[in-house]
Each structure stands twice: as C-alpha cells, then as structure tokens.
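Let me begin by presenting the structure, written as structure tokens, before commenting on it.
Note that the structure is a prediction, hence the values are computed from the model and not measured. Computation of the quantities below employed the complete heavy-atom set of this structure, encompassing side-chain atoms and omitting hydrogens, waters and symmetry-equivalent molecules.
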Amino acid sequence: MQEIVTLVSCGGDPLRAQTQPNWARAPWLEQYYCPHVLNASQGPRILTTHLPHHLLSTALQGSKAKVIYVARNPKDVAVSYYYFHKMAKFLPEPGPFSDFLNDFVDGAVNYGSWFDHVKGWTSNAGNIHNFLYVTYEDMWQDLHGSLERVSRFLQCPLGEEELASAERSCSFSSMRTNSMVNYTLVPKEIMDHSKGQFMRKGKIGDWVNIFSKDQSHSFDGVYASKMADCSLAFVWQNPEETTSLNSRTDAELPTRQAA
C-alpha cells in the first residue's frame with residue numbers, strides 16, 4: 001500500500017518509487033525520524049503506521065487526513081510476522097513457530113492482538129471522515145482494481161496508461177527487486193538479510209505450509225470466538241490452489257512446523 005499510494009500520488013510515474021526509500025517517502029509515524037521527514041516535506045504527506053485505533057482516535061477527530069487501513073488474513077500474518085522476527089535484529093528471537101503462534105494468538109507480540117487491531121479500526125470506520133478498508137488479498141487478486149479504488153479515494157484519478165505503469169511498479173515481483181522497497185538498504189545490524197528476505201513470498205495461503213492440522217483447527221476456534229461480533233470476511237487460500245489442496249489426502253497435507 002505504501003507503493004500504491006506513492007505511485008497514485010505521482011500519477012503513475014515510478015521515478016520517486018525507484019529512487020527514494022519507502023521509509024523516506026512514507027515514514028513510520030512511530031519511528032523517531034518521522035518528525036524530521038515531515039518537517040522537510042511539502043504538500044500532501046504520506047504516513048505509515050501499525051498503531052491501533054485507540055492511540056490515534058483523538059488525533060483523527062475532526063482531521064482531514066485520509067486513512068487507508070490494510071488487513072490480511074491472520075494465519076498468513078502470523079507466518080509473515082514469524083519470518084520477520086527471524087531477520088529483524090530489533091525484535092526478540094521467535095523460537096519455534098508453535099511458541100510464536102501462541103504469543104500471536106494471545107496478543108503477546110508488538111502492536112498487540114491482531115483481532116483487537118482489526119476490529120478497533122474497522123468498527124470505528126464510521127467515526128473517521130475519510131476511511132478506506134482494503135485487504136492484502138484484494139491487492140493480490142486484483143491489483144488494477146485496488147489501484148483504481150485508492151486513486152478515487154485520494155482524488156487522484158489515473159488514466160489507463162498511468163494505471164498500467166503503477167501496476168507494473170507495485171507488483172510483488174517488481175517490488176522484490178527494488179532496493180527502495182525490499183529493505184536491502186537497511187544495515188545488517190538492524191535486519192539480518194542472511195536469515196531471510198523482507199519480500200519473502202507475497203502469496204495468499206502460505207500458512208498451509210507452516211501450520212499443522214491441529215494448529216489450524218485450534219486457530220479456527222479462536223478466530224470464531226474472537227471475531228463472532230465482526231462481519232469481515234477474509235480469503236484464506238489462493239482460489240487457484242484450493243482445488244489442488246482439497247484433492248490431497250490427509251497424509252499429504254502439511255504438518256511440519258517452521259525450522
């Protein structure tokens with residue numbers, strides 16, 4: 001979404017996305033350097049944050065800020081977060097995936113509970129003047145349509161050629177090789193790139209390769225309980241791969257845990 005907003009605001013021109021690190025053009029609100037970046041910028045500004053709604057609700061009251069909230073199915077989030085912990089030197093070692101998953105379910109990870117975070121923002125969408133909800137799966141399945149939605153929301157209409165240019169630049173394969181996005185510019189003291197890639201797979205449903213059947217079943221129970229009062233729907237598997245997965249026997253289903 002950082003890349004999409006950058007490209008939409010630049011009329012689909014990839015120059016800025018290819019020459020300026022994403023943390024400089026869309027700084028993290030909770031990082032110490034954010035005020036310096038904002039003070040040096042002019043015009044509409046892009047901010048990124050993982051903060052929960054209750055920490056920003058007061059600041060957003062009466063604000064003209066446009067808020068785009070991105071959610072992803074929590075099983076894929078847990079796997080992605082686990083591998084990020086492995087390479088991020090500023091985060092504790094995650095240990096075995098089973099332990100990390102327990103912490104994730106309990107909300108004992110940075111930024112707290114996924115369930116509370118998603119419900120906190122989406123249940124208060126009506127209290128935010130300009131709010132757009134987008135899922136990771138929306139972007140993965142229909143990048144072109146997601147670009148159109150964001151461009152309309154930001155009131156930055158793009159023509160077909162501009163949309164096509166933006167789509168090429170913010171595809172996962174393009175971002176994976178773009179050093180302005182893939183965090184390879186971050187020093188090894190902060191991210192150990194020998195232990196993984198920030199842009200790892202970018203797929204829907206990779207959790208099936210990590211979760212055991214028991215872990216998946218247990219997680220489903222927790223999800224049903226915690227999200228009982230929430231009408232949001234998530235895509236849990238790539239529809240193109242679901243058929244082949246469903247045709248496999250129990251003996252063939254993934255049961256290993258991440259090493």
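- Of the possible polar contacts, one joining the Ser151 side chain to the Glu148 backbone as a donor-acceptor pair under 3.5 Å is found.
- Using modelled atom types, no side-chain atom of Ser216 and backbone atom of Lys213 make a donor-acceptor pair closer than 3.5 Å.
- Phe211 CZ to Asp220 CG: the interatomic distance, rounded to the nearest 0.5 Å, is 9.0 Å.
- The shortest side-chain heavy-atom distance between Leu132 and Lys66 does not fall under the 4.5 Å cut-off.
- The shortest side-chain heavy-atom distance between Arg25 and Glu3 falls under the 4.5 Å cut-off.
- A donor-acceptor contact shorter than 3.5 Å links the side chain of Asn73 to the backbone of Asp76.
- Of the possible polar contacts, none joining the Glu167 side chain to the Leu143 backbone as a donor-acceptor pair under 3.5 Å is found.
- Residues in residues 4-57 take part in these ring pair (Phe, Tyr, Trp, His ring centres under 6.0 Å) pairs, two or more places apart or across chains: Trp23-Tyr183, Trp28-His50, His50-Tyr111, His53-Trp121.
- Atom CG in Leu185 sits 11.5 Å away from atom CD1 in Ile190 (nearest 0.5 Å).
- To the nearest 0.5 angstrom, Arg176 atom CZ is 9.5 Å from Arg200 atom CZ.
- Here the side chains of Tyr69 and Met1 are not in contact, with every heavy-atom distance at 4.5 Å or above.
- The aromatic rings of Phe219 and Phe115 lie tilted to each other, with the angle between the two planes from 30° to 60°.
- Of all heavy-atom pairs between His193 and Val186, the closest is NE2-O, 3.2 Å.
- Here the closest heavy-atom approach between residue Lys64 and residue Asn130 is recorded as O-ND2, 3.8 Å.
- Ser174 places a side-chain N or O within donor-acceptor distance of the main-chain N or O of Ser169, the cut-off being under 3.5 Å.
- Atom CZ in Phe198 sits 8.0 Å away from atom CE in Met87 (nearest 0.5 Å).
- With hydrogens and angles ignored, the 3.5 Å screen pairs no side-chain donor or acceptor of Arg72 with any backbone N or O of Thr135.
- Ala65 and Leu60 get closest at one heavy-atom pair: CB-CD2, 4.3 Å.
- Side-chain atoms of Leu101 and Ser218, non-hydrogen and from C-beta on, never get closer than 4.5 Å to each other.
- Applying the salt bridge (charged side-chain N to carboxylate O under 4.0 Å, His left out) test to pairs two or more places apart or on separate chains, those with a residue in residues 115-130 are Lys119-Asp229.
- Applying the ring pair (Phe, Tyr, Trp, His ring centres under 6.0 Å) test to every pair with at least one member in residues 133-181, sequence neighbours left out, gives no pairs at all.
- Put simply, the side chain of Asn110 does not reach to within 4.5 Å of the side chain of Phe90, judged on heavy atoms.
- Residue pairs satisfying the salt bridge (charged side-chain N to carboxylate O under 4.0 Å, His left out) criterion with at least one member in residues 152-164, sequence neighbours excluded, are absent.
- The two atoms that bring Thr48 and Glu30 nearest to each other are O-OE1, 3.9 Å, heavy atoms only.
- The main-chain N or O of Gly202 is never found under 3.5 Å from a side-chain atom of Asp206 such that the two would form a donor-acceptor pair.
- Atom OG1 of Thr49 is separated from atom CD of Gln31 by 10.0 Å, given to the nearest 0.5 angstrom.
- With Phe97 as the fixed residue, the ring pair (Phe, Tyr, Trp, His ring centres under 6.0 Å) test singles out one of Trp207, Tyr82, Phe104: Tyr82.
- What you find for Ser123 and Gly120 is that their closest heavy atoms are OG-O, 3.6 Å.
- Under a cut-off of 6.0 angstrom, the local environment of NE2 in His129 is sparse, with at most 12 non-hydrogen atoms contributed by other residues, nucleotides or ligands.
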Side-chain donor-acceptor pairs of residues 7-17 under 3.5 Å, sequence neighbours excluded:
from, atom 1, to, atom 2, distance (Å)
Ser9, OG, Val5, O, 3.0
Ser9, OG, Thr6, O, 2.8
Asp13, OD1, Leu15, N, 3.0
Arg16, NE, Gln20, OE1, 2.8

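- Qualifying side chain to side chain contact (heavy atoms under 4.5 Å, CB included) partners for Cys34, counting only residues two or more places apart in sequence or in other chains: Pro27, Leu29, Leu38, Leu47.
- Ser146 and Met139 make their closest contact through OG-CA, 3.4 Å (heavy atoms, listed as atom of the first residue, atom of the second, distance).
- With values rounded to the nearest 0.5 angstrom, Met227 atom CE is found 4.0 Å from Tyr223 atom OH.
- Under a 3.5 Å cut-off, the side chain of Asp142 and the backbone N or O of Asp138 do not form any donor-acceptor pair.
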